[in-house]
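Data block below; observations after.
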Amino acid sequence: MKRIVSIQDFSCIGKCSQSIALPVLSAMGLECAALPTVLLSAHTAFDGFVSRELTDSLVPITDHWRSMGVRFDAIYTGYLGSEEQISQVEQIFSDFGTNNNLIFVDPVMADHGKLYPGFAPEFPERMKELCRHADVITPNVTEACLLTGEAYRQRHEESFVRQLLEKLLSLGAKTAIVTGLRMDETHMGVAAMDKNGKLCLHNTAYIPSVFYGTGDLFASTCAGALTLGLPASEAIALAADYVVKTIRVTAKDPESRWYGVNFEQTLPYLMKRLVEIEEKQI
Ligand code: PXL
């Protein structure tokens, strides 16, 4: 069984980060270790959230793992609380990275043109350095603009997407994936490019509602799919289709808006898709 470690916050209320990564990766048939970076009473969209950085705990925990000889097939990072935590994660990459494990960085810090509360304007500069060590990075459009110096915009024609991906690759990652693309009125897109410069686009229906945690749901599913050995083109299609299916289900439940997406109800869809992929391979 393959083992992945998910390095991101634990928000007690508001489905995001670890509370999405653990169940999704388990449902995908992966053993998922969790390293929580910050403990929050609720995610940062809730007024008055209480936040405790776990910076002092990360090194002792991973030192113990090293003494146990733990190995990971993939290292997946999401929301990190500070520049110091980025330095600690770089050390984790160096301690646990091998020639053939996957380093997957979701540079969580912003959406809808703005940094999330609590991040200083300098944070994206430091996040750029983390992206350098990654095999795969998955920024949304806002994060991709912050990482590349492009001005944020709400419409994304193909030439802009290509330029964004080329600039992201120049940060040093082997594959760049951008989510949340709006190439026309009715679609939402995801695009990937690797060092060969081949653009791969996957469009899904655009559903005009905003839910928290969809980026984390995409990243967890995509990291899981790549860890299972799917090519990037299939991993982005699976992850994007699962997110859209989940948004459709969540949109019928007005209560869920602040709590995140109802991904629990659509895990059977994800698992069915994985079985279909496996059957095609036999
Ligand atoms: O979904 C991204 C995310 C992750 N972690 C925390 C957040 C957010 C977005 O608001 O607040 C704590």
Side-chain angles (χ1 to χ4, degrees), residues 1-40 43 54 57-81 85 88-89 91-93 95-98 100-108 130 133-138 177 212-230 232 234-236 238-239 242-243 246 260-275 277-278:
M1 194 170 186
K2 291 199 169 170
R3 183 182 302 124
I4 180 167
V5 57
S6 157
I7 306 177
Q8 48 193 325
D9 68 281
F10 190 91
S11 291
C12 302
I13 297 284
K15 291 177 275 184
C16 66
S17 305
Q18 298 288 16
S19 58
I20 287 182
L22 282 164
V24 167
L25 292 164
S26 300
M28 296 180 84
L30 294 160
E31 179 185 333
C32 184
L35 183 58
T37 53
V38 188
L39 180 65
L40 294 107
H43 68 51
L54 301 176
S57 307
L58 301 190
V59 173
I61 290 172
T62 52
D63 278 353
H64 181 224
W65 290 353
R66 266 195 310 151
S67 76
M68 292 162 68
V70 177
R71 291 181 195 285
F72 299 109
D73 297 289
I75 305 173
Y76 156 37
T77 75
Y79 183 99
L80 303 172
Q85 289 198 342
Q88 292 177 337
V89 166
Q91 187 59 46
I92 294 170
F93 289 168
D95 290 342
F96 293 91
T98 64
N100 49 22
N101 62 7
L102 172 76
I103 296 193
F104 185 105
V105 172
D106 185 19
V108 176
L130 187 66
H133 306 285
D135 293 307
V136 179
I137 56 173
T138 53
I177 295 170
Y212 289 92
T214 52
D216 299 342
L217 190 62
F218 176 87
S220 296
T221 312
C222 187
L226 293 171
T227 307
L228 291 171
L230 298 191
E234 280 192 52
I236 65 170
L238 176 70
Y242 175 45
V243 171
T246 305
V261 277
N262 295 2
F263 72 93
E264 302 90 334
Q265 293 179 304
T266 48
L267 282 173
Y269 167 84
L270 174 63
M271 292 162 86
K272 183 164 168 272
R273 283 278 301 258
L274 281 172
V275 170
I277 291 168
E278 204 177 301

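Under the rule for a side-chain hydrogen bond (donor to acceptor under 3.5 Å, both in side chains), the partners of D106 that lie at least two apart in sequence or sit in another chain are T138. A search for ring-ring contact (aromatic ring centres under 6.0 Å, His included) contacts involving Y242 returns nothing, not counting sequence neighbours. Not counting sequence neighbours, the partners of F72 by the ring-ring contact (aromatic ring centres under 6.0 Å, His included) test are W65, F96. Every residue meeting the salt bridge (charged side-chain N to carboxylate O under 4.0 Å, His left out) condition with R3, not counting sequence neighbours, appears here in chain and number order: E31. In terms of the side-chain hydrogen bond (donor to acceptor under 3.5 Å, both in side chains) criterion, T37 has no residue partners (sequence neighbours excluded). For Y79, the ring-ring contact (aromatic ring centres under 6.0 Å, His included) partners are F119, not counting sequence neighbours. Remark: E278 pairs with no residue by the salt bridge (charged side-chain N to carboxylate O under 4.0 Å, His left out) rule, at least two apart or across chains. D73 pairs by the salt bridge (charged side-chain N to carboxylate O under 4.0 Å, His left out) definition with nothing, not counting sequence neighbours. For F218, there are no ring-ring contact (aromatic ring centres under 6.0 Å, His included) partners two or more places apart in sequence or in a different chain. Checked against side-chain hydrogen bond (donor to acceptor under 3.5 Å, both in side chains), Q18 has the following partners two or more places apart in sequence or in another chain: S6.
Inter-residue side-chain proximity for V105 and V89 is flagged as unmet; no heavy-atom pair is nearer than 4.5 Å. The shortest side-chain heavy-atom distance between K272 and V275 does not fall under the 4.5 Å cut-off. Between P23 and F263, some side-chain heavy-atom pair lies under the 4.5 Å cut-off. Between K15 and V261 there is no side-chain heavy-atom pair separated by less than 4.5 Å.
Annotation for I236 and C222: closest pair CG2-SG, 4.4 Å, computed over non-hydrogen atoms. Between F104 and A219, the shortest heavy-atom contact is CZ-O, 3.5 Å. The minimum heavy-atom distance linking A34 with P36 is given by the pair O-CD, 3.7 Å. Considering every non-hydrogen atom in both L30 and G224, the closest pair reads CD1-CA, 3.6 Å. Considering every non-hydrogen atom in both I20 and G213, the closest pair reads CD1-O, 3.5 Å. Summarising the geometry of Q8 relative to A21, their closest heavy-atom pair is NE2-CB, 3.5 Å, with the distance given to 0.1 Å.
For residues 212-229, no pair satisfies salt bridge (Lys or Arg N to Asp or Glu O under 4.0 Å), with sequence neighbours left out. Applying the side chain to side chain donor-acceptor pair (under 3.5 Å) test to pairs two or more places apart or on separate chains, none has a residue in residues 221-230.
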(request) Please test L228 against I277 for side-chain contact (heavy atoms from CB on, under 4.5 Å), starting from the C-alpha separation and ending with a verdict. (result) CA-CA 11 Å; L228 291 171; I277 291 168; over 6 Å; no
(message) Working note: L54 + I61, criterion side-chain contact (heavy atoms from CB on, under 4.5 Å); need CA distance, chi angles, decisive distance, verdict.
(response) CA-CA 11 Å; L54 301 176; I61 290 172; over 6 Å; no
(request) Could you walk me through whether L238 and L274 pass the side-chain contact (heavy atoms from CB on, under 4.5 Å) test, one step at a time? (result) CA-CA 9 Å; L238 176 70; L274 281 172; 3.9 Å; yes
(message) Does Q88 form a side-chain contact (heavy atoms from CB on, under 4.5 Å) with T62? I'd like the steps, not just the answer.
(response) CA-CA 10 Å; Q88 292 177 337; T62 52; over 6 Å; no
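How far OG of S220 is from CG of L270: 10.5 Å, rounded to the nearest 0.5 Å. Note: E234 CD to R273 CZ = 9.0 Å, rounded to the nearest 0.5 Å. To the nearest 0.5 angstrom, S19 atom OG is 8.0 Å from D9 atom CG. Rounding to the nearest 0.5 angstrom, the gap separating the CD1 atom in I7 from the CZ atom in F93 is 6.0 Å. We find the CD-CG distance between Q85 and L58 to be 5.0 Å, quoted to the nearest 0.5 Å. To the nearest 0.5 Å, atom NE2 of residue H133 and atom CD1 of residue I75 are 12.0 Å apart.
Screening V24, V5, L22 for a side-chain contact (heavy atoms from CB on, under 4.5 Å) with C32, the sole residue that qualifies is L22.
A donor and an acceptor atom, one from each side chain of T266 and T246, are located under 3.5 Å apart.
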